[in-house]
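Taking it in order: structure first as structure tokens, then the write-up.
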Amino acid sequence: MADGPRLYRPRSRELPAADEALTASLNDDQARAATFGDGPLLVIAGAGTGKTRTLIHRVAALVARGVAPERILLLTFTRRAASEMLSRAERLVGSAGARVHGGTFHSVGHRLLRQFGPAAGLPADFTIMDQGDAEELMQLARGAMGFAKTAKRFPKKETLHWLYSRHINTELPLDELLHRDAPHFLEYEPQITALFADYTMRKQERNLVDYDDLLLFWAMMLEASPELQSRIAGLYDHVLVDEYQDTNLLQARILRGMCSGHRKLTVVGDDAQSIYAFRGAHFRNILDFPRQFPGTTMVTLAQNYRSTAPILALSNIVISRAEERFTKDLYTSREGGEQPWLVTAKDEAQQTRFVVDRVLQLHESGVPLREMAVLFRAGYMSADLEIELANRKIPFEKWGGLKFLEAAHVKDVLAFLRVSENPRDEVSWYRLLMLMPGIGDSTARAMMASMQERAWDPDAFTHLVPPPRAREAHRALSVLLRQLRGLATRDGETDGAKVSSDIAAIRAIYDAVLKEKYDRPEARLADLDQLRTIAAGYPSRTAFLAALALDPPSSTQDLAGGSESETDALVLSTVHSAKGKEWKAVFVIWAVDGWFPASRSIDDPDELEEERRLMYVALTRAKDELAVVYPMQVYGSRRGAEYSFDQLSRFLDRGVRATMQRVVVEDPGEAPVAAPITAPVVDLRALMRGRFGAKS
Ligand code: ATP
Ligand code: MG
């Protein structure tokens, strides 16, 4: 008898019988990719050709082949996409599928940094800053260099952050970047470099990590120490990436570090759908893949399974106008389907009326609301539609362009939580100090300097001597902060209920500030109610703050923690947030030149090409019905003019229009034209005859 207990290893459940079942619903090329052995694999193909489906099947096939699921890493563009794909893999291979690790590059980077950061000199309890915070910190650095008021031409905090982020993500030297994208700031290159150094120091001293650091530190850990690399890369045997066309050089570097040992890397994507250049992505990255990973096997797919032939014909033409692309025109064997509609509306009101009416009509004919989507170039473009939908009580969900977390009052409340979490969080301190009466920029800076002198000791705030007008607020805030720290440490970890009672405690002070500041604070107070509900869903304050900063939710649904919606609701989405999705019916609104393409992209050939790809992404989301709507008259208050008559989007040129049918919305103000009556409903002559008693 061996000593010690015997190990019982539960069998993994529900393994599928054979490979065949896994590939039965794939075509030959898809199946080849799904069951491909090891080594770098690139699937590059147009929209709706089943790239994502193939990737899901590949995950399932690996598990079926005996690869341990927790040693598979699936990287996707959103958290929602990862969980959807994994639950589909689960349906193929059973519960083992759920153990596959999935997430965005940023969320995986975050996890690894908490785990391995200490080995690389990074304290494990760092706080993540979102973009807004990072800009605020840039502002503090800018002010410290004396650029606060003077030197108007010195780049603003948003520009500084944009330059910094671009520099990190594209790996272009700063001078080259300035030369290319902001030549008017070239003269400030030395100062900008110094400012970035200061920004980096501030982050370090305050234990803050920005969004880009999550990727950069991940790459650096892999590159700086062979020991760390083997530990980190050693976690996974296979790495798979969806939407590879939207990754940047830094992400490619990470993948090299993760896979250099085993080279078991699969990426799928479509260069014609690359739409994240503003985040440093470049469509050439996917074309370069075979060079970066020698020995790559490449699979292309050309059959589109998503759209009807007329919709595909339209999108093929739109993208055929691109200056440069690798993926070829697609074909479909789907028969039937109407020509896409090109709907001319008089103005925005009529556009809204058309969309709402047509949505209801389709709904009455049996299409669930969640099978329909309205897409637009930018988040604000759906405002009128949102109001109308709310009035008509038609449920909808909005994806992308979500301002909830960026709203000042939400950030204020989070700032209280964050200074309790990390007393060195300078950005949040600044927010809080500026909320107090009688405290302006210079007092706030002076107060922060004295807290720094006390090494950000948790009681440093209490010891500050506030200006007389702020005395009351200072006292209340001291009490609150001590209370929050108490709540946090009583049982070690805070749990969700405590995070939400933290928020209640904060609101006991903060609601008054809001009521003071706004005449009609109701909507904002309701936001804070929502924030509290959301907080209750997280296991700890750390988890809550990290999740908010890290995975900026792309819909109100995401925010509430739900995955796929149970309720039937129409989807309103920016085109960016619609990536990878599909609906039975799709409406693309505001197909107006200057709106889509956006006006600022019109003079830059590269940006214009990106807008074209964006239009291609929008059109290729439709399965059965597609309507592109074009309001002719734009109420121009947004653009300064009273009214202007605008041009149809340049992407819908004559050749494209030949594949569409024209639809004009009838104005209810005009007298309705009665349908002609074809069969007699009265017989006037018989009536006349009857009047005088004549026989008929
Ligand atoms: P995108 O470029 O928009 O991300 P994609 O290439 O990832 O698209 P998928 O979303 O995987 O395409 O597939 C598009 C649609 O076609 C889905 O509804 C999918 O289920 C279906 N599909 C893909 N391949 C097949 C197939 N072999 N047989 C039947 N349906 C398929
Ligand atoms: Mg896809």
Side-chain angles (χ1 to χ4, degrees), residues 20-35 41-61 74-78 80-89 91-92 102 104 240-247 266-276 281 283 286 299-309 311-312 315-316 318-319 325-335 337 370-371 373 375 564 571 573 575-586 588 613-624 626:
E20 227 176 289
L22 282 176
T23 53
S25 55
L26 298 181
N27 68 33
D28 290 351
D29 292 324
Q30 292 173 333
R32 188 157 68 91
T35 57
L41 173 65
L42 165 66
V43 179
I44 180 164
T49 51
K51 295 181 297 296
T52 300
R53 183 184 176 112
T54 301
L55 206 59
I56 294 164
H57 280 257
R58 179 157 174 76
V59 168
L74 173 65
L75 292 162
T76 58
F77 219 70
T78 60
R80 174 195 285 261
S83 67
E84 263 174 42
M85 287 172 72
L86 292 182
S87 67
R88 282 169 67 186
R91 263 174 260 154
L92 292 169
T104 61
L240 302 96
V241 189
D242 197 8
E243 310 272 11
Y244 190 72
Q245 75 279 357
D246 287 318
T247 56
T266 301
V267 306
V268 314
D270 175 8
D271 57 297
Q273 293 184 70
S274 173
I275 54 176
Y276 274 90
F283 68 90
I286 188 168
V299 173
T300 56
L301 309 168
Q303 178 166 1
N304 173 295
Y305 288 91
R306 178 179 292 145
S307 310
T308 60
I311 293 174
L312 196 59
S315 34
N316 272 339
V318 167
I319 198 64
R325 79 182 162 132
F326 174 82
T327 47
K328 300 288 176 296
D329 277 3
L330 306 175
Y331 68 93
T332 175
S333 49
R334 282 198 60 184
E335 284 175 7
R370 95 181 82 78
E371 278 291 346
L375 308 182
E564 199 61 344
V571 172
S573 178
V575 183
H576 280 99
S577 298
K579 197 170 75 154
K581 306 290 288 182
E582 58 188 20
W583 293 270
K584 276 204 165 71
V586 167
V588 178
R613 294 190 295 268
L614 200 55
M615 180 62 89
Y616 177 66
V617 170
L619 301 172
T620 51
R621 300 307 99 200
K623 295 204 255 185
D624 304 337
L626 172 63

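In each ligand, atom 1 is the first atom listed, and ligand 1 is the first ligand listed.
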Subject >> From Glu582, Arg53, Lys623 - option closest to atom 17 (C) of ligand 1 by heavy atom >> reply: Glu582
**OP:** Determine, considering heavy atoms only, which of Arg334, Gln30, Lys579, Gln303 sits nearest to atom 27 (N) of ligand 1.
**Re:** Gln30
Within the 4.0 Å heavy-atom shell around [X], which atoms of ligand 1 are there?
{"X": "Leu26", "result": "27 (N)"}
{"X": "Gly580", "result": "4 (O)"}
{"X": "Arg621", "result": "3 (O)"}

Original post:
Counting both backbone and side chain atoms, is some N or O of Gly50 under 3.5 Å from an N or O of ligand 1?
Top reply: yes
**OP:** Indicate the ring-plane relationship of Tyr276 and Phe77, choosing parallel, tilted or perpendicular according to the 30° and 60° boundaries.
**Re:** tilted
Original post:
Using heavy atoms and a threshold below 4.0 Å, how should the contact between Lys581 and ligand 1 be classified: side chain, backbone, both, or neither?
Top reply: neither
Original post:
So which bit of Ser25 gets within less than 4.0 Å of ligand 1, heavy atoms only: side chain, backbone, both or neither?
Top reply: backbone
Original post:
Do any heavy atoms of Asn27 fall under 4.0 Å from ligand 1?
Top reply: yes
Original post:
Listing residue and atom name, which protein N/O/S atoms are closer to the Mg ion (ligand 2) than 2.8 Å?
Top reply: Thr52 OG1
**OP:** Measure the shortest side-chain to side-chain distance between His57 and Leu26 over non-hydrogen atoms and say whether it is less than 4.5 angstrom.
**Re:** yes
Original post:
Is there a side-chain contact between Gln303 and Tyr331 (heavy atoms, below 4.5 Å)?
Top reply: yes
